[in-house]
Amino acid sequence: MQVFEWIANNIFGVPAFLIGLIVALGLIFKKSSASKVISGTLKAIMGFLIIDIGSGAIVAGLNVFQPLWAEVFGLSAGSMPTDFMGFEAFSAKFGSYIAIIMFAGFAVNVLVAKFTKFKYIYLTGHMMFWTVAIFLGIILHNNPDVKMAVVVPVLSIFMGLYWTLQPALTQKYVVKATKNDQIALGHTVGIGAWLAGILGNLVKGKEYKSAEDIEIPDKFSFFRDSNVITALTMGVLFIIGGIILMVKNTESANAILESAGAQNFIIYSIVQAIRFAAGIAVVLYGVKLFIGELVPAFKGFADVVVPGAIPAIDAPFLYNFAPNSVILGFVGAFVGSLLWMVVLGKTAGYVFVPTMIVLFFHGAAAGVLGNTTGGWKGAILGGFIIATIVAIGQWLCVMYMLPSTIPDTASWAADTDMFIIGGTIIRFLSKFL
């Protein structure tokens, strides 16, 4: 019993070690060299630990941004969740289950691909990680006493099915964009991008005009860098919010302005915006580090079991095929996010955090697929669809689906498919587990 307790506390109870163990086993399965097994395992562990470091910077930025805009919209402090676990504590307690569900879900994906006509193998590891985390958070909020012995197999099967079928949903439009049926989109923008492809037909007009036929000046090339976009957007929103509070000059507004201490609030806001963007960059680096070792280990296993499988990979592979659609998709998402920020603030009493990383990657992918049917108008519409799903989904997820577990994560890491599926199937499923 002591041996089992030690393993539970020190291996399965330490998510970073469990991730490292899975990577080590995968690399050994691939017959990698001892050097590769050691380096891959250590990189995976370091990557997972780096995520917590970045999460701290993101939360620090949100702790300024949300009260700032709550005051701008005249919202009460009680309009936001306050007593919740947070991702750092959540991953410490449930991170091992996330890792096990990822591994088991991938095995289900491989088996479904082997025995059905859906030959897609989902290889976007960081999306696998965040989707499992958000879905598990929703289940545990709705049913905090649920037995993990039930959750793990049920969610593993569900994730395996989702990772197999999501690429199939968008493949028709991916083939139109890339002229290639040997690669697929494996990303949680799936439903949003699919809607962009369908609804693009409604805005096409009498004559189809592709976004790629439009000349976009080089001076707008910075739109392709998500880190720069995040820092700029959050900086502008911090500054605008600060100016509004200065004009209001109320006691509560001044209290927020005084949080900058000896610094001017505008300078303080710019630093907070860049720190927020840096936190996201750190998290993405950490995810990239451990996923960079996890995915090859998974792929080696899949190649043996499902010869000729179609890899479903991250959204950026689409961007080279339609670079103008990428920019127009993001523009549609950006405009939509500002619109929904005002609408939700004034009607629902919620401060929408316009998560530029999500809006950039999702808006760009939806723009590419929207362009295949609706041309440049479809690309812009695709981005706007993403902003609508993300804004309304974030509000519902933070306030009603995750308020006791990880609403902080839903403010920046959750996205279209997570909101749609989490708010329907997962929330419904959680009541019966």
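- In this structure, the side chains of Phe334 and Leu359 stay at 4.5 Å or more apart for every pair of heavy atoms.
- Counting only heavy atoms from C-beta outward, the side chains of Ile270 and Phe238 never approach each other to under 4.5 Å.
- With contacts defined as side-chain heavy-atom distances shorter than 4.5 Å, the pair Met128/Ile98 does not qualify.
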Give the table of side-chain donor-acceptor pairs shorter than 3.5 Å for residues 184-193, with sequence neighbours excluded, one pair per line with atom names and distance.
unit_1: His187; atom_1: ND1; unit_2: Val189; atom_2: N; d: 3.1
unit_1: Thr188; atom_1: OG1; unit_2: Asp415; atom_2: OD1; d: 2.8
unit_1: Thr188; atom_1: OG1; unit_2: Asp415; atom_2: OD2; d: 3.2

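- The ring pair (Phe, Tyr, Trp, His ring centres under 6.0 Å) analysis of residues 130-159, with sequence neighbours excluded, yields the pairs Phe87-Trp130, Trp130-Trp412.
- Relative ring orientation between Phe428 and Phe432 is described as tilted, the plane-to-plane angle lying within the 30° to 60° band.
- Across all their heavy atoms, Asp314 and Thr124 have their closest contact at N-OG1, 3.1 Å.
- Phe90 is linked by a ring-ring contact (aromatic ring centres under 6.0 Å, His included) to Phe94, counting only residues two or more places apart in sequence or in another chain.
- Counting heavy atoms from C-beta on, the side chains of Asp417 and Gln166 come closer than 4.5 Å.
- Between Leu237 and Leu68 the shortest heavy-atom distance is O-CD2, 4.5 Å.
- Every residue was checked against the side-chain hydrogen bond (donor to acceptor under 3.5 Å, both in side chains) condition with Thr41, not counting sequence neighbours, and none meets it.
- The list of salt bridge (Lys or Arg N to Asp or Glu O under 4.0 Å) pairs with a residue in residues 326-336, not counting sequence neighbours, is empty.
- For the pair Asn142 and Lys431, the minimum side-chain heavy-atom distance is below 4.5 Å.
- Atoms CZ and OG, from Phe129 and Ser91 in turn, are 7.0 Å apart once rounded to the nearest 0.5 Å.
- Taking CH2 of Trp376 as the reference point, atom CD1 of Ile327 lies at 15.0 Å (rounded to 0.5 Å).
- Distance alone, capped at 3.5 Å, places no donor-acceptor pair between the Asn180 side chain and the Val175 backbone.
- Taking every heavy atom of both residues into account, Thr416 and Ile386 meet most closely at CG2-CD1, 3.8 Å.
- Side-chain contact check for Val398 versus Leu402: every heavy-atom pair is 4.5 Å or farther apart.
- The neighbour count for Glu88 CD, taken as heavy atoms of other residues, nucleotides or ligands under 6.0 Å away, does not exceed 12.
- Under the side-chain hydrogen bond (donor to acceptor under 3.5 Å, both in side chains) criterion, Ser210 pairs with Asn371, not counting sequence neighbours.
- Checked against side-chain hydrogen bond (donor to acceptor under 3.5 Å, both in side chains), Trp340 has the following partners two or more places apart in sequence or in another chain: Thr388.
- In this structure, CG on Leu245 lies 5.0 Å from CD1 on Ile256, to the nearest 0.5 angstrom.
- Separating the CH2 atom in Trp194 from the OH atom in Tyr173 is a distance of 8.0 Å, to the nearest 0.5 Å.
- Closest approach of Phe352 to Ala391, counting heavy atoms only: CE1-CA, 3.6 Å.
- In terms of heavy-atom proximity, Leu199 sits nearest to Ile385 at CD1-CD1, 3.7 Å.
- Listed by first and then second residue, the salt bridge (Lys or Arg N to Asp or Glu O under 4.0 Å) pairs that reach into residues 168-195 come to none, sequence neighbours excluded.
- Residues meeting the side-chain hydrogen bond (donor to acceptor under 3.5 Å, both in side chains) test with Ser156, sequence neighbours left out: none.
- Checked against ring-ring contact (aromatic ring centres under 6.0 Å, His included), Tyr120 has no partners two or more places apart in sequence or in another chain.
- Taking Lys248 as the reference, Glu71 meet the salt bridge (Lys or Arg N to Asp or Glu O under 4.0 Å) condition, with sequence neighbours excluded.
- Looking only at side-chain heavy atoms (C-beta outward), Val368 and Ser325 come within less than 4.5 Å of each other.
- Side-chain contact between Tyr350 and Val343: absent, with no pair of heavy atoms (C-beta onward) separated by less than 4.5 Å.
- For the salt bridge (Lys or Arg N to Asp or Glu O under 4.0 Å) test, residues two or more places apart in sequence or in another chain that qualify with Lys36 are Glu293.
- Interatomic distance, NZ of Lys377 versus NZ of Lys209, reported as 10.0 Å (0.5 Å rounding).
- Residues Pro167 and Tyr122 share a closest heavy-atom pair of CG-CD1, 4.3 Å.
- Between Phe103 atom CZ and Leu21 atom CG the span is 9.5 Å, to the nearest 0.5 Å.
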